[in-house]
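What you see below is based on every heavy atom in this structure, not just the backbone, and it leaves out hydrogens, waters and symmetry mates. The sequence lines fix the lettering, A, B, ..., with proteins before strands; numbering per chain opens at 1. Just so we're clear, the structure is a prediction, and the values are computed from it rather than from any experiment.
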Protein chains: 2
Amino acid sequence: MTEKTYSISELSEEFSITPRTLRFYEDQKLIAPTRRGQTRVYSKKDRARLAWILRGKRVGFTISDMGKLLDLYYLEGGKVKQREAGLQGCRERIKTLERQKKDIDETLKELRDIIDMFKSWEPYPGQDNIKI
Amino acid sequence: MTEKTYSISELSEEFSITPRTLRFYEDQKLIAPTRRGQTRVYSKKDRARLAWILRGKRVGFTISDMGKLLDLYYLEGGKVKQREAGLQGCRERIKTLERQKKDIDETLKELRDIIDMFKSWEPYPGQDNIKI
DNA sequence: ATTATAGTTGACCTTTACGTAAAGGTCAAT
DNA sequence: ATTGACCTTTACGTAAAGGTCAACTATAAT
């Protein structure tokens, strides 16, 4: 059974990014698709890595951050020190993410306040300008 | 009673940013401190705006995003269309923030899995290298 | 055979968010 | 009056994350 593979455009469409982005990630050593000739062939594993990278990006990590994380994740055997550093790194990331969650909750609250403020200013029928 | 004010360095230290950053935000019309001579004097209100901007930044908004949001917030009277746009903008931001929260939760879960993985590799006493 | 469709590698361009001098003003303390 | 601390503007520099050509190549379809 041959595993499913993806072309660069399939993958970029699926994740709403451009092929350029995928090539860029490869350039930055985040993904290493195999080649058939000189054409990139992405595996399921590559696809999973990509999903990880993009999610990391959405929550504020840089792509090089994600590169390091992925390396840790796929680390098969390594020195103790590397693993310790990995653990430390993970813990720090968890902390910043938890802070971000708090920030988001507070920002959400304020956004909803703004919406309420807007609503309480609803114009009267027939009126399309409000002056104070 | 004269309200409390802050110097550029007070404020930048409090929020762990550089004075350059504050001047930059002013350049971008995000904050408009008053002046005593040519020296910037920040009010409580300025400080609040700054806190907003920085929180927005932490959760992934650009500073120009935050500028627009602040304008909406401090909007005193305006056309209906502006307010409608403001409402729409807020709703969109709320959506992306909620998505980000989900992303964060999933990322947190995976980070914790990685940590568990690391832990299960704990070396035996006296051993400081693991090979596979 | 030629056209269309994907793919490739450069190389340079752009935006965001500041950093980093350079060059000097202001004011309090010595 | 000079030092030091803090402030100012102007202006060029930079890193991150791609965008945007341009010039080819490979393969499939007509």
Side-chain angles (χ1 to χ4, degrees), chain A residues 4-43 46-47 49-71 93 96 100 103 107, chain B residues 4-43 46-47 49-71 93 96 100 103 107:
Chain A
K4 209 207 159 172
T5 61
Y6 311 82
S7 75
I8 194 167
S9 51
E10 272 174 342
L11 217 51
S12 54
E13 269 172 46
E14 177 177 356
F15 289 96
S16 303
I17 57 181
T18 65
R20 171 69 175 98
T21 300
L22 279 167
R23 295 191 191 106
F24 176 70
Y25 289 170
E26 184 173 350
D27 214 53
Q28 308 294 307
K29 318 285 179 197
L30 294 181
I31 306 186
T34 57
R35 304 277 180 134
R36 208 185 51 208
Q38 73 173 359
T39 301
R40 291 166 175 83
V41 176
Y42 295 88
S43 68
D46 292 326
R47 186 175 167 282
R49 281 179 78 101
L50 178 60
W52 242 89
I53 294 164
L54 295 178
R55 196 164 58 225
K57 265 198 46 183
R58 282 197 295 274
V59 298
F61 289 124
T62 67
I63 62 156
S64 83
D65 281 341
M66 291 314 287
K68 289 170 201 159
L69 259 183
L70 281 165
D71 289 346
R93 281 154 216 277
T96 69
Q100 268 183 255
D103 283 339
T107 305
Chain B
K4 205 198 163 183
T5 61
Y6 311 81
S7 76
I8 193 167
S9 51
E10 273 174 342
L11 217 51
S12 55
E13 270 173 46
E14 177 177 355
F15 289 97
S16 304
I17 58 179
T18 65
R20 171 72 175 98
T21 300
L22 279 167
R23 295 192 190 105
F24 176 70
Y25 289 170
E26 184 173 350
D27 213 54
Q28 308 295 306
K29 318 283 179 197
L30 294 180
I31 306 185
T34 57
R35 303 278 179 133
R36 208 184 53 209
Q38 74 173 359
T39 300
R40 291 166 177 83
V41 177
Y42 295 86
S43 68
D46 291 327
R47 186 175 167 283
R49 281 179 77 101
L50 177 60
W52 241 88
I53 293 163
L54 295 177
R55 196 163 58 223
K57 264 197 48 181
R58 282 197 295 275
V59 298
F61 289 125
T62 68
I63 61 154
S64 83
D65 280 341
M66 291 315 288
K68 289 170 201 159
L69 258 182
L70 280 166
D71 288 347
R93 280 154 217 279
T96 71
Q100 268 182 256
D103 283 339
T107 305

4.5 Å side-chain heavy-atom contact, [X] and [Y]:
X       : Y       : answer
A:Arg93 : A:Asp65 : yes
A:Leu54 : A:Tyr25 : yes
A:Ile8  : A:Arg23 : yes
A:Trp52 : A:Leu69 : yes
B:Glu26 : B:Tyr42 : yes
B:Thr18 : B:Phe24 : no
B:Leu22 : B:Leu50 : yes

**Asked** When you measure from every atom of DNA chain D, which of residues 21-35 of chain B have a heavy atom less than 4.0 Å away?
**Response**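 Contacts with DNA chain D under 4.0 Å: B:Arg23, B:Arg35.
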**Asked** Around atom CZ of B:Arg36, are there more than 12 heavy atoms of other residues, nucleotides or ligands at under 6.0 Å?
**Response**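 Result for CZ/B:Arg36: open.
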**Message:** Is there a side-chain contact (heavy atoms from CB on, under 4.5 Å) between A:Arg47 and A:Lys4? Walk through the geometry before answering.
**Reply:** CA-CA 10 Å; A:Arg47 186 175 167 282; A:Lys4 209 207 159 172; over 6 Å; no
**Item:** Toward the 5' end of DNA chain C, by each residue's nearest nucleotide, B:Gln38 or B:Ile63
**Value:**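 The residue closer to the strand's 5' end, by nearest nucleotide, is B:Ile63.
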**Request:** Walking along DNA chain D from 5' to 3', note the first and the last nucleotide with an atom under 4.0 Å from a heavy atom of chain A, and give both.
**Result:**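 Going 5' to 3' along DNA chain D, contacts run D:dA17 to D:dT20.
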**Request:** Go through the steps to decide whether B:Ser9 and B:Ser12 satisfy the test side-chain hydrogen bond (donor to acceptor under 3.5 Å, both in side chains), and finish with yes or no.
**Result:** CA-CA 5 Å; B:Ser9 51; B:Ser12 55; 5.6 Å; no
**Prompt:** Can you list, by residue number, the residues of residues 6-20 of chain B that have a non-hydrogen atom closer than 4.0 angstrom to DNA chain C?
**Reply:**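 The stretch gives B:Thr18, B:Arg20 as the residues lying under 4.0 Å from the strand, ordered by number.
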